[in-house]
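FYI, side chains are in, hydrogens and waters are out, and symmetry mates aren't considered; it's all heavy atoms of this structure.
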Amino acid sequence: MSENAFGKGHHLHLIDGSAFIFRAYHALPPLTRKSDGLPIGAVAGFSNMLWKYAQDAKGSDAPTHVAVIFDHSAKTFRNEIYADYKANRPPLPEELVPQFPLTRDATRAFNIACIELEHYEADDIIATLACQARDAGGRVTIISSDKDLMQLVGGGVVMLDPIKGKEIGPDEVHDKFGVGPDRVVDIQALAGDSVDNVPGAPGIGIKTAALLINEYGDLENLLANAEQIKQPKRRQTLLDYADQIRVSKRLVQLDCETPLDFGLETLEIRDPEPDTLLDFLTRMEFRTLTNRVAEKFALEAPAIPDTPASPAGGAPVAAPDWPPIDHELYRRIGTMAELDEVIATIREAGAVAIDTETTGLNEMTADLVGISLCTGPGVACYIPMAHVAGGGDLFDSGARVEGQLDLEPVLAALKPVLEDDAILKVGQNIKYDWKMLARHGIRMKPLEDTMLMSYALGSELFNHGMDGLAERVLGHKCLSIKDLIGSGKSQITFDRVPLDKATPYAAEDAEVTWRLWQMLRPRLPGHAATTAYETLERPMIPVLADMEMAGIKLDPEHLSRMSNVFAQRMAGLEDEIHGLVGTRFNIGSPKQLGEILFDQMGLAGGKQGKTGAYSTSADVLEDLAAEGHELPARVLDWRQISKLKSTYTDALQTHVNPDTGRVHTCYAIAGAATGRLASTEPNLQNIPIRSDEGRRIREAFIAAPGHKLISLDYSQIELRVLAHVADIPALKQAFRDGIDIHAMTASQMFGVPVEGMDPMIRRQAKAINFGVIYGISGFGLARNLRIPRAEAQAFIDTYFQRFPEIRAYMDRTVANARRDGFVRTIFGRRIPTPGIDTKGPAAGGARRAAINAPIQGAAADIIRRAMIRMPQAIRDLPARMLLQVHDELVFEVREDACTPLIGAARKVMEGAAEPAVKLSVPIVVDAGTGDNWAEAH
DNA sequence: TTGTTCACG
DNA sequence: GACGTACGTGAACAAA
């Protein structure tokens with residue numbers, strides 16, 4: 001290779017790498033690498049383009065030198081000039097991010113110089129190289145169609161549109177901008193650029209700008225003589241915005257002085273090394289291109305293994321070289337010296353898997369029994385601290401077992417490690433362990449959670465428990481807890497398990513967690529699940545843990561009074577019902593009730609379901625009651641009271657924690673497929689509100705003395721998300737105008753004015769709006785509205801006609817689900833769509849679930865984002881976040897701080913989508929304050 | 001353990 | 001032409 005200086009007779013090709021990548025990404029379907037599912041479409045397209053380029057570049061006008069230039073990062077020196085430069089760019093598609101480094105690898109594999117520089121855009125580097133080459137007397141071809149590069153054309157520099165294959169010279173630039181290349185920046189400074197967020201002068205486009213520049217010669221002269229412009233509006237704009245125009249010019253002006261540390265001669269064209277190139281292509285598993293390249297070099301194409309990608313959470317593709325799990329290797333820690341050794345090992349490893357053993361499943365009431373730790377395959381230990389005699393022992397003495405360490409010194413020794421920012425704590429459902437340790441004054445950080453990784457990966461199996469993951473991901477069957485503590489009545493607590501049995505079980509849990517972490521963490525990028533895991537799942541752990549530990553205060557007397565009233569009313573209803581029937585039976589038994597209603601009394605109503613039992617659900621009974629039958633009406637009354645009593649007024653009292661006097665629910669982060677939370681023990685997300693009777697139960701949820709409860713809820717969040725996601729202009733405009741959305745729908749559908757609308761019409765429109773979110777059907781709507789099916793179908797047809805974007809959204813979403821087996825929310829959460837390929841009756845349900853998932857899921861993402869930011873936003877206020885009910889957050893606030901709390905919390909909630917997503921509809925949050933939840937909501 | 005019913009968003 | 005049908009949860013109870 002000669003190292004002759006670049007100069008006359010040489011021809012430099014500069015390829016705009018970023019443009020290549022984006023074109024490749026958008027032109028190709030979302031291909032993935034077969035062996036591990038890594039998104040690879042953009043790299044494939046990019047490599048093909050480079051190969052095609054290399055073949056074409058051997059013609060008569062062949063380049064002598066070539067380079068591919070990339071953007072280094074989003075932030076450049078232009079952001080120092082103007083902070084909002086390119087600020088309205090949508091975030092990069094997550095599938096694309098891991099492909100950027102691979103496009104660099106591809107460029108090098110083709111033996112082409114690969115150039116990027118921190119702080120500078122690719123365009124600046126291209127400008128610098130083009131200037132250098134031109135000054136040296138050579139020719140330059142810029143392979144790009146980006147208008148921002150057109151200022152460089154002229155004096156031996158041309159552009160080549162790679163799509164049209166058309167050369168762009170001074171004449172073409174003049175056609176586009178109305179001026180020569182040397183004045184292009186002046187035009188751009190005036191006209192601005194909405195894509196790059198260059199402000200320019202408002203109201204002035206390319207046409208006007210060209211007119212002005214051609215009249216005044218250049219921008220500075222124009223601004224200096226702006227007073228003379230005849231059109232008053234134009235004159236005023238230029239006078240008012242002179243500074244902004246000058247800033248814009250600095251933004252669009254490319255920098256020809258980029259500090260590059262190499263000379264043009266190093267860009268001399270080189271043939272690819274066949275081995276290097278083929279090695280890269282086979283690694284990427286590009287079959288066609290590998291064969292094509294091998295053929296060109298007259299070589300045998302290397303074989304590409306045909307191992308299919310494992311489904312998310314499936315069997316490992318290539319298990320690491322770990323020995324099988326061996327319980328003999330586990331240490332039981334019985335002295336502080338041994339514990340110190342373990343701590344040293346953890347510090348060295350920088351990460352530790354942790355699992356706590358406790359006396360129960362409720363973190364608020366259970367006691368800590370032991371801790372297991374793992375830092376590598378086979379390197380695990382168990383620290384027993386509170387085991388007592390029992391279980392395996394002959395005498396169930398309950399005496400403390402020998403050979404254990406005391407709780408306090410162990411936790412004191414571990415605390416610095418568990419709170420050390422440089423040491424990762426890995427758990428399986430680590431929120432449990434976090435709360436357990438928080439009760440002893442330890443706030444663990446930073447955290448990783450294998451359950452949440454599995455959830456973010458979005459497996460169709462939807463089982464993120466440790467035993468299931470161990471079997472699927474590690475091919476290992478975990479020791480069963482039942483073998484240790486039994487089940488049912490004879491079940492014992494873990495503190496009664498003998499140490500020699502507890503150690504292998506506990507330490508195995510830590511090792512399995514460690515192995516799962518090693519396996520699952522690297523799968524996140526390939527499933528484009530890293531962002532969801534890091535921004536929507538993992539940060540929820542401490543936020544929810546704090547909410548759960550805070551709990552909410554209950555008024556037990558209020559509940560018990562209600563229980564008594566309900567008991568009396570039920571007794572009365574029971575007498576009445578038994579009197580109507582003539583015999584006593586169990587009203588709570590659907591089977592007995594069905595037989596009485598349909599066999600004994602001979603009312604109309606067919607058999608339902610595979611069990612052959614009659615349906616006695618509320619809508620069946622309501623229909624019968626509407627026909628004038630007394631019995632079903634009384635049964636409905638009884639059922640309502642019975643439900644309220646057993647599920648709420650009775651059950652809630654049993655969940656009051658005696659230490660705190662409050663109820664502490666537990667939120668499942670990975671409980672619902674769509675990203676919603678689920679609340680258990682007790683479920684505080686289904687406390688009654690729709691009936692007046694039930695609503696009074698909310699009065700039992702009260703604020704602590706001197707405090708208020710405040711409820712903030714998102715108004716119509718799912719419909720707003722739908723308007724944005726499905727891009728429905730009419731809906732978006734209605735939300736922007738703040739008008740009644742159901743009335744607007746009715747108005748659009750039935751052609752009636754919003755003013756003075758018949759409430760019945762509005763109610764129907766409301767039902768349709770909700771139906772759309774759920775994947776509407778004529779049957780479903782008909783049943784909901786109790787109207788003939790044909791009428792319901794006609795409504796739906798009109799709706800789709802009025803808002804055709806809905807249909808497009810539904811089709812698009814189902815097609816995505818069919819193609820991928822999952823759908824995504826606008827925040828990137830992956831939601832599996834199992835059964836989407838099944839045929840038959842079940843297919844409809846899967847389709848509707850897929851349609852609903854991105855809407856329900858995005859709403860769930862939004863409130864998660866708000867919750868994650870909330871602690872920081874309210875940290876200076878005497879307030880705590882207590883509950884989440886899907887679109888509502890409940891706070892407890894000192895009564896003098898209600899107004900600032902509402903202000904701070906509303907701000908976080910309304911802005912929660914940003915900056916990840918800029919919604920095209922406003923988000924509105926309503927607030928209420930009261931001494932109890934009924935008043936606050 | 002499974003199915004039915006019903007509370008919520 | 002027939003199938004089935006709103007989406008997502010958890011808890012209580014009956015019945016196997």
Side-chain angles (χ1 to χ4, degrees), chain A residues 462 487-488 585-594 608-621 635-636 638-652 654-655 665-668 671-691 693-695 697-698 713-719 722 767-785 789 792-793 796 813 831 833 839-857 859-860 863 883-888 933 937:
Chain A
F462 206 74
S487 65
F585 71 104
N586 185 348
I587 306 169
S589 161
K591 186 162 177 268
Q592 293 179 31
L593 178 66
Q608 294 260 328
K610 7 182 198 297
T611 55
Y614 295 113
S615 170
T616 66
S617 62
D619 46 342
V620 173
L621 297 188
V635 171
L636 281 169
W638 182 89
R639 278 220 186 130
Q640 198 205 348
I641 308 293
S642 165
K643 178 80 176 181
L644 295 179
K645 183 172 186 292
S646 67
T647 310
Y648 300 105
T649 57
D650 288 353
L652 280 173
T654 70
H655 280 102
T665 185
C666 180
Y667 289 104
T674 53
R676 276 193 178 182
L677 301 178
S679 160
T680 56
E681 273 186 293
N683 180 356
L684 294 187
Q685 291 182 323
N686 71 345
I687 303 302
I689 191 164
R690 291 174 190 169
S691 73
E693 204 80 78
R695 198 187 180 86
I697 292 170
R698 292 203 172 209
D713 67 293
Y714 283 110
S715 160
Q716 310 279 16
I717 185 74
E718 291 194 350
L719 273 177
L722 173 72
I768 297 170
N769 274 333
F770 278 104
V772 166
I773 293 175
Y774 299 145
I776 200 158
S777 78
F779 181 93
L781 185 66
R783 202 177 57 172
N784 189 289
L785 284 175
R789 197 174 151 175
Q793 191 56 54
I796 293 170
T813 306
I831 301 170
T833 53
K839 303 263 181 288
R847 260 189 49 242
R848 288 192 297 272
I851 290 166
N852 172 261
I855 302 167
Q856 190 183 114
I863 198 166
L883 302 178
Q884 189 249 45
V885 194
H886 309 310
D887 63 355
E888 174 189 9
W933 196 4
H937 189 84

Tell me the interatomic distance from [X], atom [atom1], to [N], atom [atom2], rounded to whole angstroms.
{"X": "A/Arg639", "N": "B/dT5", "atom1": "CZ", "atom2": "C1'", "value": "6 Å"}
{"X": "A/Asn784", "N": "C/dC7", "atom1": "CG", "atom2": "C1'", "value": "13 Å"}
{"X": "A/Leu652", "N": "B/dA7", "atom1": "CG", "atom2": "C1'", "value": "12 Å"}
{"X": "A/Tyr667", "N": "B/dG9", "atom1": "OH", "atom2": "P", "value": "13 Å"}
{"X": "A/Ile587", "N": "B/dT5", "atom1": "CD1", "atom2": "C1'", "value": "15 Å"}
{"X": "A/Ile641", "N": "B/dA7", "atom1": "CD1", "atom2": "C1'", "value": "14 Å"}
{"X": "A/Ile768", "N": "C/dC7", "atom1": "CD1", "atom2": "C1'", "value": "17 Å"}
{"X": "A/Gln640", "N": "B/dC8", "atom1": "CD", "atom2": "C1'", "value": "14 Å"}

Between the OG1 atom in A/Thr616 and the CZ atom in A/Arg639, the distance rounded to the nearest 0.5 Å is 4.0 Å
Reported CZ-to-CG distance for the pair A/Phe779 and A/Asn784, which is rounded to 0.5 angstrom | 11.5 Å
Between A/Ala850 and A/Thr833, the two heavy atoms sitting closest are CB-CG2, 3.8 Å
Candidates [options] - which lies nearest the side chain of [X]:
{"X": "A/Val885", "options": "B/dC6, C/dC7, B/dG9", "result": "B/dG9"}
{"X": "A/Gln856", "options": "B/dA7, B/dG9, C/dT5", "result": "B/dG9"}
{"X": "A/Arg676", "options": "B/dC8, C/dG4, C/dG8", "result": "C/dG8"}

Between the protein and nucleotides 1-3 of chain B, list the N/O to N/O atom pairs that are separated by less than 3.5 angstrom.
none

So, does [X] use its side chain to make a donor-acceptor pair with the main chain of [Y] at under 3.5 Å?
{"X": "A/Arg676", "Y": "A/His886", "value": "no"}
{"X": "A/Arg848", "Y": "A/Ile776", "value": "no"}
{"X": "A/Tyr667", "Y": "A/Gln884", "value": "yes"}
{"X": "A/Thr665", "Y": "A/Thr680", "value": "yes"}
{"X": "A/Gln592", "Y": "A/Ile587", "value": "no"}

In whole angstrom, give me the gap between the C1' atoms of C/dA6 and B/dT2.
-> 24 Å
Quote, to the nearest angstrom, the P distance that separates C/dT5 from B/dG3.
-> 15 Å
Looking at A/Val772, A/Ile773, A/Thr813, A/Leu722, which hits side-chain contact (heavy atoms from CB on, under 4.5 Å) with A/Asn852?
-> A/Ile773
Hey, does [X] reach any base, or is it just sugar-phosphate, or nothing, if we go heavy atoms under 4.0 Å?
{"X": "A/Ile687", "result": "sugar-phosphate"}
{"X": "A/Ala860", "result": "nothing"}
{"X": "A/Ala782", "result": "nothing"}
{"X": "A/Arg789", "result": "base"}

Does A/Glu693 have any side-chain contact (heavy atoms from CB on, under 4.5 Å) partners at least two apart in sequence or in another chain, and if so, which?
-> A/Phe566, A/Arg569, A/Gln640, A/Ile641, A/Leu644, A/Ser691
Steps toward side chain to side chain contact (heavy atoms under 4.5 Å, CB included) verdict (A/Ile831, A/Gln856) | CA-CA 11 Å; A/Ile831 301 170; A/Gln856 190 183 114; over 6 Å; no
By the Watson-Crick or G-U definition, both distances under 3.5 Å, C/dA2 is matched with none
Just name whichever nucleotide pairs with C/dA12, Watson-Crick or G-U, keeping both distances under 3.5 Å, else none.
-> B/dT4
Distance below 4.0 Å between A/Arg783 side-chain N/O and C/dA6 OP1 or OP2 | yes
Readout for nucleotides 9-16 of chain C: B = base within 4.0 Å of protein heavy atom, S = sugar-phosphate only, - = neither; 5' to 3' it is SBBSSSSS
Would you kindly check whether a donor in the side chain of A/Arg690 faces an acceptor in the base of B/dG9, or vice versa, at under 3.5 angstrom?
-> yes
